[in-house]
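Just so you know, these numbers use all the heavy atoms, side chains as well, and skip hydrogens, waters and symmetry mates. All chains are named by letter (A, B, ...) in the order of the sequence lines, taking the proteins before the strands, and each is independently numbered beginning at 1.
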Amino acid sequence: MKTTVSTEVVVLLAGLLFALGIVGVIIRKNIIFMLLSVEIMLNASGLAFVAAGSRWGQPDGQVMFVFILAMAAAEVSIGLALILQIYHQHKSLDIDNLKEMNG
Amino acid sequence: MEIAFYVAGTVALVATLMVITRHNPVHALLYLNVSLLAHAMLFYLLGASFAALLEIIIYAGAIMVLFIFVVMLLNLGKETAEQERKWLKPKVWMGPTVLAAVLFAEFLALVLSSGQDAYSPAVVSPRELAVALYREYLIGVELAAMLLMAAVVGAAHIGRHKKLVLHRFLREEKEKEEEKHEETVL
Amino acid sequence: MMLVLLITVLMVGAVAAVVAGEWNRHLPRWIALLASAAGLLLVILLWAGTSPHSVTDGQWLMDYRKEWIPSFGITFHLAVDGLSLLLLALTFFLGVLAVLCSWDEVRERTGFYYFNLLWILAGVAGVFMALDMFLFYFFWEVMLIPMYFLIGIWGSENRVYAAYKFFIFTQASGLLMFLAILGLYFIHGRDTGIYTFGYFELVETVIPFKTAFWLMSGFMIAFAVKLPVFPFHTWLPDAHGEAPTAGSLILAGLLLKTGAYGMLRFVVPMFPEVVTDVAVPAMVLGVAGIVYGAVMAYSQTDLKRLVAFTSVSHMGFVITGIFALNELALQGVVMQLVTHALSTGALFLMAGMIKERLHTRDIGQMGGLWGPMPQMGTIGLVFAMASLGLPGLGNFVAEFLILLGVFQAQPWITVAAASGLIFSAVYSLRIVGKIFLGPRKTMEAVPDFSFREMLIMAVLTVSVVWLGLFPQPVIDTARPAITELIRFMDVHSNASHHQSYVK
Amino acid sequence: MSNNDFSALMPLMVLAGASVLVMLLIVARLSHRIIQLVSLLLFVVAFISLLNIRGMLPYEVGSLFMIDSFGAFMTGLIIFSGLVVNVFSYIYFQEKEEGPKEYYVLLFLCTLGACVLAQSEHFVSVFLGLEILTIGLYALIAYLRTRNHSIEAGIKYLVLAAFSSAFLLFGMALVYLQTGTMSFAGMAGVVAADNVPPLLITGLGLMLVGLGFKLAVVPFHMWTADVYQGAPVPVTTFIATASKGGVVAAMLRFFIAIDGFRSEPLQMVMITIAIASMVAGNLLALRQKNIKRLLAYSSIAHLGYLLVAFIPGSAVVPQAVSFYLLTYFITTFAAFGVITILSDSESDAEDLDRYKALFWKHPALASILAVAMFSLAGIPLTAGFTGKFYVLTTGIGQGFWLLAVVLVLSSVVGLYYYLRVVTTLFAGTRDLLPDPPAKYPVFLGISMAVLSILTFVLIWLGVYPDSVIGVVQGLQLK
Amino acid sequence: MDKYLWLIPALPLGGFLILALAGKQLSRSSVALVGAGSICLSALVTFVVGGAFLAGLPANAVYTQTLWTWFEVDAFSAKITLSLDVLSLVFVFVITFIGALIHIYSTAFMEADRDYARFFASMNLFVFSMLVLVLADNLLLMYLGWEGVGLCSYLLIGFWYEQPSNGNAARKAFTVTRIGDAAMAIGLFMIFQQAGTLVISDIGTIADTIWQPNSTTVTVTALLLLAGGLGKSAQLPLQTWLPDAMAGPSPVSALIHAATMVTAGVYLVARMHAIFALSETARLVIAVIGAATLLLAGLTALTQYDIKRVLAYSTISQIGYMFLALGVGAWTAAIFHFMVHAFFKALLFLAAGAIIESLHHEHNMFKMGGLKDKMPVVFWTFLAGALSLAAVPLISAGFYSKDQILWYSWTASGGSPILWMVALSGALITAAYTTRMMILTFWGEAHTPVGHLPGRRMTLPLVVLAVFSILAGFMELPHNFGHFTLFSDLLHPVLPETAMRAEIPSEWLFQLLAALATLGGVLLGYHYYYQQPARIESLRRNAALASLHRFWFSGWGFDALYDRLLVRPFIFISKINKSDVTDRLYTGIAGATGEMYKLLSRTQSGSLRWYIMGLVVGAILILGIQIML
């Protein structure tokens, strides 16, 4: 099962996914979607790491991916906790409601 | 097998595109799951089978479930979809998309100018990974534990429901609302 | 050690004042008086101990040096030559007067007030003695904050604006000077391998002309703002106008002098070639200041602003004189520094005293005050005359020497500067005319000088007359410093001339 | 792992262990007071354990950590920050929150993360340190979860931090893809070649986005004010100091390892960022009425100043950076300490108008705040001046005149708002702020004592900085 | 006796100090005693020292006395040194002697005034300054006196300070003379630069060696000095202040604005004759200015109502004669006229003061009249002064002094027929307005009742001065007319002989014409104001003549001209720029910063989306920079 992959293609794929994530974070109104989009970006980075690891034949890329995974989980847990609080207080998850502090 | 790679890549892209364009959170989550599965396929093709496994189990399994759980808990269905539908007009997404496209274009320019070769991904077995994790990156693993602990403590504190301490201005309103509620009930 | 004592006596007094102010409202003023008087005594002792005639070789009378931040080549280096000595004497003299004139004027937060007052004096004294560039800058800034408080807390209506303006102007320019100091430090360090902020080392630095120009600009901006040179003067009327009496006295009498001192001590010897090159533009600015300040002074209706603008005009003479770069003019500059402090200080004191009585600074509401206050009228006249440069009073000697010296360098500039003589008459007489002459505007009872006020003014009057008739001691004291400066200039401009010839 | 490894990692282990210990104490239902004091003690222990390893520097632990004198200094600084924040926390949280205890766990974890950052020399440890810090901060910022501002700040920080972390990770991945190693030492060998491949440059650029966010430099600064305002004051203090210190240390180590100073594009980017930060930070604070936001904007400018010391890449950079951070930390502690003490259970003392006439009511607190403001403004006699002096000498020493001039001019703008604060302290006679709570005399006493010591150090560093400069000059990066 | 020289100025100074410091505590009589006594003593010392000086006229003809070194810098040295030679002696004599008389007069004249002590303090200070001016051995000390007298003039013009117009007049006097002083100061700088000294005698000795005759430098130097003189002596174009200066008390007008201070310009030019001798242009300028001034002021005097203004313009006019004399090189003639003029003009002012006081401060001559019989002493003494002013031939001192000037204005080397013509018509005008003044004041109907008559302390000085006004002329008689040259002989060690032109017309003819001019003027005045007063009215109805009258009356419109040209623009500029236009620059910077703050703070919208956008833009910028480099 020998695959030949062009580094550029992998990197560009990851980059494209990353860019989609960015778009998602910016355009969405609901905080949950924003978190989802951030997950997409993290995943794209993970893809890049795995690709890099496989490029050099090292486990380090995957190690990093594992840590990314841990971090994503941690972040999502706190993020969702926050979302619960926000929903509790604002009865909405519209990020545009959260503009009280400015100037 | 390159074809598998491209197919998986395309699936991941399309699914991701769907994620960021769906109005209904549940739909989006499902598409994200598809995307994650495609990622797992990519990982596997890149020789990282263990990562592919983790992607499915933890990401698609655990984390996404967490999301769905919250979505269900808060009953975010139609209302959210309606809100997003109203919101997601070209006027709104055009700007950010262009921005992201510019960023990607720059990225493209930089990557293409670097002239990388194609390579055959080396398979890194779970064993190798485990050795690396528990030898070289042992402290890292411990730190990851601290990271998770921070998340747990934090989420526990933030997510904990206490009686809501309202600002004194809001308190009156709330009382009024409650009165109203009682009236309707009665 | 005596030099350190000069500063520490003020600082200790300052802290004592603020502490004492916690439990007695009147104690701080006695402490302040004591501290400044002690300082004055020390300076007099110093002066008496080192008669200028005893110094034939070298200009330095006293020197104190101690490591401060050796990692950067910073030393705590104080030294005094005739020039510094004169200005130090002035500092403590005006310091005593400033305490005296605040005696009854300041009733609130006396402890903190006298703390600031003494702290300013300490900073000013430090500036006049520091011979390490870092230390100099340090003291340069030390005097700002208390002055800021003095204006901002005890000033009149528009005090906050004035305090900001004062602070930001001086600090902004000071920072540019600091950049220049650093530039000098590195150029010297790179040339010689010795990184030091020491004055004597840095003065010998050979700097490429273009760099020297920029570095000099950095120094000049700081000093020009402080002096102030037209068009950097606009902070001054506000600060002087809003400050409490003692603040105006110190601003006009001392803080402005630090600018001139800086030019004499640093700009001229460090950048002799550039100074020679920009002499004419600088003098033109000076003349512009003379004329502009005078015209502005004429148009003011606020007495303190008016006097403030006369300072602009007088300081125009100073910068013109400095850039004439000959002994006559430089001696005149030194003289002007001393006499302007006395005459303008006295005018500010008078403005304060009038304000205490009439509760206004608007000269439109004054008039005919000679009747009820002949003593103040007389004294006011004396200082108005001093301000217009009447012979027999100190300012005349100063302005005459400056103009005489400038004439040797640039006759046409002198001609323009001499117009200042006319304008100064115009505004000085306006002061006298509006305040003391004419019909009375207010019927409030205005008591003449109290004993304390009379004492302050008498001391100032005697000083200004003394300087007008017997200025020689001052001139002799400053002479070694001035001649050394001239000699240094000559050596360097010859050298540079020679250099360019070789090229 | 050898014994030496253990003792070298002792500070980190103490911090990690402390968090667990505190958790156990919480389980044992001990009072807030005891937990606070214990954690204070634990911070002291961590600090002492750090002093203990002085003799063995520099020391490498695995490929993840390099404990050299610079790293140790920064670790010390961060632990000290944690300690100071800890001291200020008791009254603040006792007044506001029913469950103040988990706070200490998170504080230890954040401190740990920052310390890891300061000592890391590997992408993995950088990443993990950063994330421990960040995740802890999410919770800390939103700790007063019933307050709208707190929650808002928390979610903003969370989304943005995760977003920027993604950039950082992507950048790291590209660097790794190009170099084949994730340890700085390994990279140093690979990158030394003169031509820097574009992929590496891209990776570094993307990493800069992530790091720039953490440092809150322009244009990644926009979260700063909101988070500073929304977070509890002690947490704000921590964000302003320890979290930035750790990132700066890691960044400096990385840059020195790969000699990123020599790369023209990077330098250009950094210069642009520095200038933009100095200018925008100072301008944004100009008329700000909320003192927490004001300090946030001021921190943007100060990070800009710091970059002036960072960019030249000369041998003195570590010294200058550490000295500047030291002065900045102490100043920030003093400023936020006063704000903390003056905050009450209803709200933080953030409205500048409420500070009117503070000087006449609480001369000590007002003086400390005034000194802190002067220090931030860089006025002589305060640490801020010496710090700025160090920065300027570093910049000018390498001929970065543009940066120096911008620094000077923008700090003139800065003067205005620092003075505005000081003026407010002295203005008027009304007193709008409540007395500092007298309910907790012991803790108030400790807080005041710490504040006084900090102020003393602040002035001492301004007047006689040589001893500290001596220490700083001994700092080295391996 | 020379060691007592310092006493001459010191005594008035002492008087000033006593009065200034303790004036309030002293009684009126002791104030008078100190004030007048110090000047009388000073006059006495002058007689003694001057007598000794004249008796044993030393070879170098100078007494000098150095008191102390004022200041020395580099090559410059100024000493407080007094020096007495014949020229200064003449001035010292006039100052102290006339000064003493005027002080005695003032003790009575100012008796009722509240500020008695202040008056005498200022007067004493004035005498001191004036003495310093004339005794100074170097130009800087002279400048001290020069400015000092200006100050005293200011103080005394504005003596009655509550009247705003008095203050304005004082200010005007000071400011206008200051213009001249500034120029003079520049002159001093030039002299120092070229000669390296400001000691007058040294300059005199080396003038020939350092300056080429008629070179530009020497001309410029001379003209700058002259400018100072013009200001002090109220000559064109700086004459406008003197008529207004009449706001001061009459003794002040007599002493300062007639006898002494205003002639300082004459003294200066005479003193610095070494420089002026080297520049023909400068001398021509002096002569022309003198001639123009005498004519202009004379015509103005002809139209004034206020008796003191008439006298003021007449003073300007007479000093014009002195300048004319200086300009043509008749140095001694100028000084002679100065002395004579001092006597009769002081007399006229004091007498006018006595009249004004008697008539309850009535200044308008048209409201006087008929005083001939009511105030005989004043009338006779005034007549003596008027004769001298009009230069009535043979019997008045004024004739002798003015005749000399008329003669030299043609015959001296610098003279010319035109100058002579002007001077001659001036003589006619002088006689005319003097007659007019006499007639309006003393003859005709009385328009205002006479109050109390002047007492002995006032009349005595009048009589003494009247005697001198008549007799002083006999010190110097024309060449064809006894050729008695006591005065010029005395002065010749100091001032050079008048150089004459080659061909000199007969002197008799000139004297005859001068006498005729005087008589013609007297007749004119007599005709229009005594015989046919109605014809004046008819003349005045002529529109052209009326506007001419207005023009002359306003002093040839100089005040209005200066007002438009200098004063109003100055005030206009200062008023529009009251808030300092340069400050706009800084407030502009501050404002711009504020605007930038507003702009930037709008980016802090609080919207998370926006913040993320910022992050992305930052990433784009970073990558963009990297692509570009």
Quiz item: Are side-chain heavy atoms of L169(D) and M41(A) found at a separation under 4.5 Å?
Solution: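 No - every pair of side-chain heavy atoms lies 4.5 Å or more apart.
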
Quiz item: Quick one: are Y176(D) and R55(A) in side-chain contact, heavy atoms under 4.5 Å?
Solution: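 With C-beta onward as the side chain, the pair stays apart.
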
Quiz item: How are the rings of F167(D) and F18(A) set to each other: parallel, tilted or perpendicular (split at 30° and 60°)?
Solution: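 Perpendicular.
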
If we define contacts as heavy-atom pairs under 4.5 Å, which of [options] has the most with chain D?
| options | answer |
| --- | --- |
| V38(A), I95(A), I78(A), N43(A) | I78(A) |
| I68(A), V50(A), L42(A) | I68(A) |
| H90(A), M64(A), K99(A) | M64(A) |

Contact class of [X] relative to chain A, heavy atoms under 4.5 angstrom:
| X | result |
| --- | --- |
| A161(D) | neither |
| T179(D) | backbone |
| M172(D) | both |
| K289(D) | neither |
| L174(D) | side chain |

For [X] and [Y], which heavy atoms make the closest approach, and how far apart are they?
| X | Y | answer |
| --- | --- | --- |
| F170(D) | A48(A) | CE1-CB, 4.3 Å |
| M34(A) | V159(D) | CE-CG1, 4.4 Å |
| A52(A) | L177(D) | CA-CD1, 3.4 Å |
| A166(D) | S45(A) | O-OG, 3.3 Å |
| E100(A) | N148(D) | OE2-ND2, 3.7 Å |
| M101(A) | H149(D) | CE-O, 3.6 Å |

Identify which part of [X] has an atom lying under 4.5 Å from any heavy atom of chain D, answering side chain, backbone, both or neither.
| X | answer |
| --- | --- |
| A14(A) | both |
| L35(A) | side chain |
| V11(A) | both |
| L47(A) | neither |

Quiz item: Between I155(D) and Q85(A), does a side chain to side chain contact (heavy atoms under 4.5 Å, CB included) hold up when you go through it step by step?
Solution: CA-CA 10 Å; I155(D) 194 73; Q85(A) 278 295 345; over 6 Å; no

Inter-residue atom distance [X].[atom1] - [Y].[atom2], 0.5 Å rounding:
| X | Y | atom1 | atom2 | answer |
| --- | --- | --- | --- | --- |
| R293(D) | N102(A) | CZ | CG | 6.5 Å |
| L82(A) | R145(D) | CG | CZ | 11.0 Å |
| F49(A) | M182(D) | CZ | CE | 5.5 Å |

Practice problem: I would like to know whether Y138(D) and E75(A) meet side chain to side chain contact (heavy atoms under 4.5 Å, CB included); could you show each step before the answer? | Solution: CA-CA 9 Å; Y138(D) 298 155; E75(A) 188 199 306; 3.8 Å; yes

Quiz item: Which residues from residues 120-137 of chain D are near chain A, with near meaning under 4.5 Å between non-hydrogen atoms?
Solution: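 The list, in residue order, reads F123(D), V124(D), F127(D), L128(D), E131(D), I135(D).
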
Quiz item: Residues two or more places apart in sequence or in another chain: which of them pass ring pair (Phe, Tyr, Trp, His ring centres under 6.0 Å) with Y87(A)?
Solution: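 With neighbours one apart ignored, the set is empty.
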
Quiz item: Which is it for F163(D) and I22(A) under the side chain to side chain contact (heavy atoms under 4.5 Å, CB included) test, yes or no, and what are the steps along the way?
Solution: CA-CA 8 Å; F163(D) 189 84; I22(A) 292 174; 4.0 Å; yes

